[in-house]
Amino acid sequence: MARKLIISTAALAAAALALAGCSSGGGGGAPAAEGQKGGTLKVLANGDVDHLDPQLTAYVPVNGVIRAVSRSILSYKSSNDEKTRIELTGDLATEVPEASDGGKTYTIKLRDGATWDAPGGSRPIVAEDVARGIKRICNPKISAALGGYFTGLIEGMDTFCAGFAKVAPEVAPMKDYIEKHQISGIETPDDQTVVFKLTEPASDFTSMLSLPTANPAPVEVLDYLPDSPEYRNNFISSGPYKISAYKPDASMDLVRNPSWKADSDPLRKAYVDEITMTMGLEDDAAMQQLQAGSADLLFDIQPSPANIQQLKTANDQKLTTMANGGVDQFMWINTKTGNNGGALQKPEVREALQYAIDKPAVVQVMGGPDIATVTNGIFGPGINGYENFAPYGDKSGKADPEKAKALLKQAGVTKLTLKMPYRNLGAQPDIAQTVQASLEKAGITVELFPVPPTDYYANFMTNPSNAKDGKWDVALVGWSPDWVGGAARSVFQPQFTFNGTPQSYNYVDYDNDEANALAAKALAASTPEEAGKIWHQVDETVMKDSPIVSIVARKKANYHSDRVQNFEIYALAQNGDWTNVWLKK
């Protein structure tokens, strides 16, 4: 999925629609109080981390790594209760702050005892470290993928970032700029206090502070280029573990951080002594190791549809699933292309595509209703604002090819041939072929062509010229929100707004003034219930334009070995919390 990579006061997060899920079995529900320390947790991965620098990471699985080595301002308890795991709580902050000044000011109080494992010895984490972390978001060498949420929202940050952009992307000038320039909307009156002043009310700002993007940064990091090999080799931990060894695309070892104090950390028990991550594993091979007990957890791998069916047949309680609020798959429609005489620019043609796709058939290809469910809007289950509605056809998502043909005829389109890229990865070819077959029943020809998985988002879909030049007409993508619960902004803003600058994941520069105005109302809403109703109006407004066909929400599947106990979900990682599992001996 694109977000992976991949926006609420505490009340909003707590009252947001719950993420659906199964309770963990196989010892996964054992209370932490029964935990035993010791052992090495063995994690298997297909690929590497996107970044180890907290400011820069945007890949969902990496949140599990960052949880172990870096403290956040706010965070979430790991839990198998779908409501508990999306309730914001303090991490470095003593509590979740309430907004003042009409919803535009938040004051953070840092707890005592939280420290950096600094080269010169343990050192307290202070307010200036928080300010420094935010400043690093827009560095000119490599800016944060999720930085856009903060840049226009924190007072004066856009000005700070505009100046930073003019600095040479080298260590000395970047360090000098950060040390000599301030963001007017961040005040640090003392070592334990940070005051954020916003340009507008934003009920989800506290949720943003749970992201690694907002994590504090020690002063030493200014001596290295962001996320460079030198940065990684000198990583300064604030969590219960530190990086002892790292080989790109091969392995990573975490060991206990001697500077971490358990009584300063309400969220991490740190039962295991060591965590090893081995990369380069294929899905089936990784699953075989977990079932054999020679490894414990999965990083960026999840059980295949075939694995899931086998595990369910065996009633293996170590398999769990959870909704993550995302939609995967949905199909972008390229309204910028002149292909087919500009047919996709006609609302009737885009509406025809809504009726043409057989969504239940895609559900079956993806593993059936245990893993996927039909969707009809931009929000998935688990987002405050999601409603099970059907702007086209009925809620079942069953195709109506005759209706699609009638709409094409109404638009004066007698022949429609669509170029559709797909990733040659996992079930993606089968999903693409299923969509192709649906569209062909409505008289629409689909020309499929593969794009390497590593290039699909990074180079092909996010290159604006490919849309403008008609390299593609429709494309299957996915999206997972950047945080949980009250996360509608993190679905809407990156994909369905446009401020004159191309957005990476808004593939056709889609924009809708009515939807933008409604989103602003939702962010200023005084209650979660009010916000949810307005976000649903945003959903309805966008879908009237048919920029996408929403198809399926995929549940995240997780599996663990028999010796893993207390397998509880850390919501941002959508996986078990490495810092709270313990190992059966």
Side-chain angles (χ1 to χ4, degrees), residues 7-16 71-77 86-112 114 125-135 137 146-161 182-211 213-216 266-267 384-385 482-490 493 517-535:
I7 258 179
S8 105
T9 59
L12 179 55
R71 299 281 297 273
S72 300
I73 299 171
L74 300 173
S75 193
Y76 307 90
K77 296 177 181 178
I86 64 171
E87 293 177 358
L88 268 176
T89 189
D91 188 347
L92 288 171
T94 57
E95 61 184 357
V96 179
E98 295 288 341
S100 60
D101 186 28
K104 295 196 293 184
T105 298
Y106 289 88
T107 300
I108 301 291
K109 291 291 185 180
L110 299 179
R111 69 176 71 245
D112 293 326
I125 298 172
V126 297
E128 188 56 39
D129 297 325
V130 174
R132 185 181 301 109
I134 301 296
K135 290 180 185 179
I137 285 174
L146 307 185
Y149 297 123
F150 298 86
T151 305
L153 185 58
I154 298 175
E155 183 183 289
M157 189 169 176
D158 52 356
T159 301
F160 174 89
C161 291
Q182 305 302 319
I183 297 173
S184 61
I186 303 178
E187 299 175 357
T188 55
D190 58 60
D191 281 351
Q192 300 300 109
T193 307
V194 184
V195 180
F196 289 99
K197 295 186 176 181
L198 310 183
T199 58
E200 60 189 6
S203 58
D204 55 0
F205 180 68
T206 48
S207 291
M208 294 183 200
L209 296 181
S210 73
L211 296 173
T213 306
N215 283 15
L267 300 177
N384 188 30
D482 292 315
W483 53 82
V484 294
R489 182 208 292 257
S490 75
Q493 180 176 319
L518 285 167
K521 282 184 62 178
L523 291 170
S526 58
T527 67
E529 293 78 13
E530 179 187 358
K533 289 178 182 177
I534 301 171
W535 279 118

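Inspection of the Ser72 and Asn215 side chains reveals an N or O donor paired with an N or O acceptor under 3.5 Å. For Ser210 and Tyr76, the side-chain atoms include at least one donor-acceptor pair closer than 3.5 Å. In the model, Thr89 has no side-chain atom that pairs as donor or acceptor with a side-chain atom of Lys77 under 3.5 Å.
The pair Asp129-Arg132 meets the salt-bridge criterion, since a charged nitrogen lies less than 4.0 angstrom from a carboxylate oxygen. For the pair Lys104 and Glu200, the salt-bridge criterion is not met [side-chain N within less than 4.0 Å of a carboxylate O].
In this view, Phe150 satisfies the ring pair (Phe, Tyr, Trp, His ring centres under 6.0 Å) rule with no residue, not counting sequence neighbours.
At least one donor-acceptor pair under 3.5 Å links the side chain of Gln192 to the backbone N or O of Leu110. Looking at Glu530, its side chain does come within 3.5 Å of a backbone N or O of Ser526 through a donor-acceptor pair. Here the side chain of Arg71 pairs a donor or acceptor atom with the backbone of Asp91 at under 3.5 angstrom.
Side-chain contact between Thr105 and Val195 is present, with heavy atoms from C-beta onward closer than 4.5 Å. Between Ile73 and Val130 there is a side-chain heavy-atom pair separated by less than 4.5 Å.
In this pair, Phe196 and Phe205 present their aromatic rings perpendicular. The plane angle is above 60°, beyond the 30 to 60° band.
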